[in-house]
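Okay, so here's the structure we're looking at.
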Amino acid sequence: MERTELEKIRLEKIEQMRSEGIDPYPLRSHVTHRNQEAITAFEAHEQSGNEEPLTATVAGRIRAMRLMGKVAFFHIEDGSGRIQLFFRVNEIGPEGLQVLKDLFDNGDYIEAQGTLFRTKTGEISVHVQSFRMLSKAVTPLPAAKDEVVDGQVVRHATLNDPETRYRQRYADLAVNPEVREIFRVRAKTIQAIRKFLDDMDFLEVETPILQPIYGGAAARPFVTFHNQLKQELFLRISFELYLKRLIVGGFDRVYEIGRDFRNEGVSYKHNPEFTQIEFYMAYADYHTVMEITEKMVSFVCDQILGTRILNFRGHTIDVNPPWRRLELRQGLIDVTGIDINEHSDSTSLEAAMKAKGYPFKPGSPRGKLIDTLIGDYLEPSLVQPTFLYDYPRDISPLAKSKPDDPGTVERFEGFIAGMELCNAFSELNDPLDQEQRFLEMGTDFTSDDEEQHPMDEDYLRAMSYGMPPMGGFGMGVDRLVMLLTNQQTIREVLLFPHLRKLEE
RNA sequence: GGGCGCGUAGCUCAAUGGUAGAGCAGUGGCCUUUUAAGCCAUUGGUUCAGGGUUCGAGUCCCUGCGCGCUCACCA
């Protein structure tokens with residue numbers, strides 16, 4: 001392995017430690033407090049008026065070293081936070097100070113035992129009696145220095161290059177606390193969703209990621225192969241068809257939180273693998289699901305932010321229920337002047353779009369044209385939370401038609417900040433209609449169309465056993481986390497976003 | 001995949017086509033309550049890779065690689 005000059009110096013220090021009988025990587029640590037616990041314990045100790053010294057053994061990564069001749073101040077950091085160590089020649093001796101100076105570096109892990117006290121400036125610190133190396137770092141962290149201004153930590157010249165940050169996320173996380181915070185919010189978001197659904201008596205389940213037939217969404221799959229079974233398999237593009245099989249099985253309310261894989265382009269809101277939450281609820285319809293959606297997002301905001309007002313890309317977004325309900329047809333009339341009900345086939349709609357100068361892909365089915373209009377003109381305008389509802393049947397093969405309008409299905413998508421957040425419908429439960437839809441997908445879309453939904457005979461059989469009316473829902477968790485953390489790109493809310501492979 | 005931009009020390013960034021620099025980090029020294037500690041000294045470069053133009057290239061041109069933005073794609 002290539003080593004830099006800085007690394008070689010540290011490797012020499014490891015050699016020196018070994019020659020002096022100091023283990024640079026001891027097996028165990030014996031902490032009594034996490035850093036924040038030590039601080040809290042000392043505050044309580046002060047309050048109690050107890051004059052006895054309070055001792056603690058703490059540990060963490062060295063984040064700042066200030067050696068000042070016969071004293072030294074370190075800041076160490078563990079998962080709970082930072083605490084200051086105060087070393088004095090009086091306690092650790094000149095040899096101890098020499099070891100600190102010669103063998104310890106920023107980034108090393110140290111264990112220190114001593115009594116808690118406040119320094120002249122009032123900072124709770126450990127007056128170190130003894131210390132030892134817990135783990136010697138060979139590669140220096142890319143950190144610079146932190147300055148505290150009015151209680152806010154200001155980092156100077158810290159790791160900033162996005163490529164390095166994503167490729168070496170460990171280093172990014174180690175030196176950029178606000179990045180760690182994003183992933184704490186992410187974890188809490190998923191916890192909150194889980195609690196919300198558990199409290200409604202939903203059952204959390206896990207369904208196959210490797211699937212012989214993919215479906216439930218319009219997307220191109222990743223393909224893989226099982227060697228022993230000699231079987232082509234697809235990584236799932238949605239959970240939908242398996243979750244609805246479970247409703248047939250008698251679980252009234254099920255949900256899954258997990259990874260979907262779509263073999264498509266990457267963008268600020270698309271990653272090849274992303275986290276989805278889907279739930280299915282028997283005896284509900286898409287109106288019920290709209291209400292659950294706005295309540296769930298509000299609940300998540302309450303739990304994480306303590307407010308239902310989000311700041312995102314300069315917008316102030318209010319997620320309080322009820323969200324605006326906008327009929328797709330009306331929404332398109334508003335922004336494009338085209339009434340899709342006046343254009344019952346693709347030829348007519350193409351003509352109308354051409355007359356208005358709207359771009360489109362010639363020969364697209366009617367539903368795809370409508371989808372183009374939504375994406376280009378309607379979606380960007382939906383900043384405040386909005387349910388866009390009643391979609392064309394031909395781009396919604398798993399949703400139930402409206403009784404009085406067979407060309408339209410009971411489906412909605414939720415938009416926030418001009419971004420699609422979720423998708424839901426009153427689920428199609430008529431096996432004969434479903435079979436017809438699958439067949440239509442085979443004729444309306446050309447065979448090379450990546451969005452063609454494959455026939456799933458087993459799913460039809462499940463539905464044939466009898467499927468209750470139900471509402472279903474899917475939401476991109478990454479996008480919700482983007483909203484909650486005001487991040488402009490999905491890569492910032494993924495620990496290890498997909499990057500191109502580097503040539504070695 | 002197309003267009004535009006970027007790639008310089010460990011990190012953050014400079015450098016009219018004319019000697020590759022600064023701050024921090026590192027190294028050596030001074031310093032017994034500091035907190036971006038301070039002061040003095042000092043090391044560190046295949047300027048992403050490869051080719052070309054030129055007396056001379058970090059800088060201009062071409063190719064490749066990677067990243068960013070954007071368009072296309074993406075219910």
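Throughout, a chain's letter reflects where its sequence line sits, starting with A, and its residues are numbered from 1. Just so it is clear, the structure is predicted and the values come from calculations on it, not from any experiment.
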Between A/Arg245 and A/Tyr459 the two heavy atoms that sit nearest each other are NH2-N, 3.3 Å
Taking all non-hydrogen atoms of both residues into account, name the closest pair between A/Arg88 and A/Val71 and its distance.
-> CG-CG1, 3.5 Å
Over all heavy atoms of both residues, which pair between A/Arg313 and A/Asn486 is shortest? Give the atoms and the distance, please.
-> N-OD1, 3.1 Å
Kindly state whether the ring of A/Phe131 and the ring of A/Phe104 have centres lying under 6.0 angstrom apart.
-> yes
Is a donor on one side and an acceptor on the other found under 3.5 Å between the side chain of A/Thr485 and the backbone of A/Val481?
-> yes
Applying ring pair (Phe, Tyr, Trp, His ring centres under 6.0 Å) to A/Phe473 and not counting sequence neighbours gives A/Phe279
B/U12 versus B/G7 - spacing of their C1' atoms, nearest Å = 15 Å
Taking the C1' atom of each, how far is B/C61 from B/G45, in whole Å?
-> 25 Å
Per-nucleotide protein contact string for nucleotides 40-47 of chain B, where B marks a base within reach and S marks sugar-phosphate only (heavy atoms under 4.0 Å, - for neither) = --------
Looking only at atom P, what distance separates B/A15 and B/G58, rounded to whole Å?
-> 15 Å
What is the distance from CG of A/Leu103 to C1' of B/G26, rounded to the nearest Å?
-> 15 Å
List, with names and distances, any nitrogen or oxygen atoms from the protein found under 3.5 Å away from nitrogen or oxygen atoms belonging to nucleotides 67-71 of chain B.
residue : atom : partner  : partner atom : Å
B/C67   : OP1  : A/Arg167 : NH2          : 3.3
B/C67   : OP1  : A/Arg500 : N            : 2.6
B/C67   : OP2  : A/Arg500 : NE           : 3.1
B/C67   : O4'  : A/Glu163 : OE1          : 2.9
B/G68   : OP1  : A/Arg491 : NE           : 3.0
B/C69   : OP1  : A/Arg491 : NH2          : 3.1
B/C69   : OP2  : A/Arg491 : NH2          : 2.7

Applying side-chain hydrogen bond (donor to acceptor under 3.5 Å, both in side chains) between A/Asp108 and each of A/Arg61, A/Lys13, A/Lys136, report the one that passes.
-> A/Lys136
For the pair made of CZ in A/Phe74 and P in B/A37, what is the distance, rounded to whole Å?
-> 12 Å
Would you mind reading off the distance between A/Glu7 atom CD and B/A9 atom C1', rounded to a whole angstrom?
-> 14 Å
So what does A/Gly474 touch, heavy atoms closer than 4.0 Å: a base, only the sugar-phosphate, or nothing?
-> nothing
In whole angstrom, what separates A/Phe360's CZ from B/A72's C1'?
-> 17 Å
Salt bridge A/Glu46-A/Arg118, side-chain N to carboxylate O under 4.0 Å | yes
Whole-Å P distance, B/C39 and B/U34 = 15 Å
Inter-nucleotide C1' distance (B/U32, B/G38), Å rounded = 15 Å
Mind checking A/Lys8 for me? I need base, sugar-phosphate or nothing, with any heavy atom below 4.0 Å counting as a touch.
-> nothing
If you measure from the P atom in B/G28 to the same atom in B/C65, how many Å do you get, rounded?
-> 44 Å
Applying side-chain hydrogen bond (donor to acceptor under 3.5 Å, both in side chains), name anything that partners A/Glu43, two or more places apart in sequence or on another chain.
-> none
Contact under 4.0 Å: A/Asn106 side-chain N or O vs B/C24 OP1/OP2 = no
Mind checking who B/G50 pairs with, Watson-Crick or G-U wobble, both distances under 3.5 Å?
-> B/C62
Under 4.0 Å between any heavy atoms, over every strand shown, what does A/Ile9 touch: base, sugar-phosphate, or nothing? Just pick one.
-> sugar-phosphate
Does B/A41 have a Watson-Crick or wobble mate here (both distances under 3.5 Å), and if so which one?
-> B/U27
Could you tell me which nucleotide pairs with B/A36 by Watson-Crick or G-U wobble geometry, both distances under 3.5 Å, or answer none if nothing does?
-> none
Closest non-hydrogen atom pair between A/Gly367 and A/Ile395, with its separation = C-CG2, 3.5 Å
Can you tell me how far P of B/A72 sits from NZ of A/Lys269, to the nearest Å?
-> 11 Å
Counting side-chain heavy atoms from C-beta on, which of B/G26, B/A36, B/U12 comes nearest to A/Lys13?
-> B/G26
Whole-Å distance, A/Asp108 CG to B/A25 P, equals 16 Å
Across every strand shown, the nucleotide meeting Watson-Crick or G-U wobble geometry with B/A9 (both distances under 3.5 Å) is none
Starting at atom CG of A/Asn160, determine the distance to atom P of B/A9, rounded to an integer number of angstrom.
-> 15 Å
Of all residues at least two apart in sequence or in a different chain, which pass the ring pair (Phe, Tyr, Trp, His ring centres under 6.0 Å) check with A/His127?
-> A/Phe86, A/Phe117
Mind checking the C1' distance from B/C69 to B/U59? Whole angstroms is fine.
-> 23 Å
Are A/Arg169 and A/Phe496 in a cation-pi setup, meaning NZ or CZ lies under 6.0 angstrom from the ring centre and within 45 degrees of the ring axis?
-> no
Value in whole Å for how far the C1' atom of B/A25 lies from CZ of A/Phe104 | 19 Å
Hey, does A/Ser396 reach any base, or is it just sugar-phosphate, or nothing, if we go heavy atoms under 4.0 Å?
-> nothing
Watson-Crick or G-U counterpart of B/C73, or none if no pair lies under 3.5 Å = none
Using the C1' atom in both, what is the distance from B/U8 to B/C67, to the nearest Å?
-> 16 Å
Could you point out which residue of A/Ile374, A/Thr408, A/Ile333 forms a side-chain contact (heavy atoms from CB on, under 4.5 Å) with A/Leu328?
-> A/Ile374
Would you list the protein and nucleotides 28-34 of chain B atom pairs, both N or O, that sit under 3.5 Å from each other?
residue : atom : partner  : partner atom : Å
B/G29   : OP2  : A/Lys101 : NZ           : 3.2
B/C31   : N3   : A/Gly69  : N            : 3.1
B/C31   : N4   : A/Gly69  : N            : 3.2
B/U32   : OP2  : A/Lys70  : N            : 3.3
B/U32   : N3   : A/Asn90  : OD1          : 3.1
B/U33   : O2'  : A/Lys120 : NZ           : 3.4
B/U33   : O2   : A/Lys120 : N            : 2.9
B/U34   : O2   : A/Arg66  : NE           : 2.8
B/U34   : O2   : A/Arg66  : NH2          : 3.0
B/U34   : O2   : A/Gln84  : OE1          : 3.4
B/U34   : N3   : A/Gln84  : OE1          : 2.9
B/U34   : N3   : A/Gln84  : NE2          : 3.2
B/U34   : O4   : A/Gln84  : NE2          : 2.9
B/U34   : O4   : A/Thr119 : OG1          : 2.6
B/U34   : O4   : A/Thr121 : OG1          : 3.3

Assign each of A/Arg10 and A/Asn423 the nucleotide of RNA chain B bearing its closest heavy atom; nearer the 5' end lies the nucleotide of A/Arg10
Looking at A/Val335 and A/Ser381, what are the two nearest heavy atoms and their distance?
-> CG1-OG, 4.3 Å
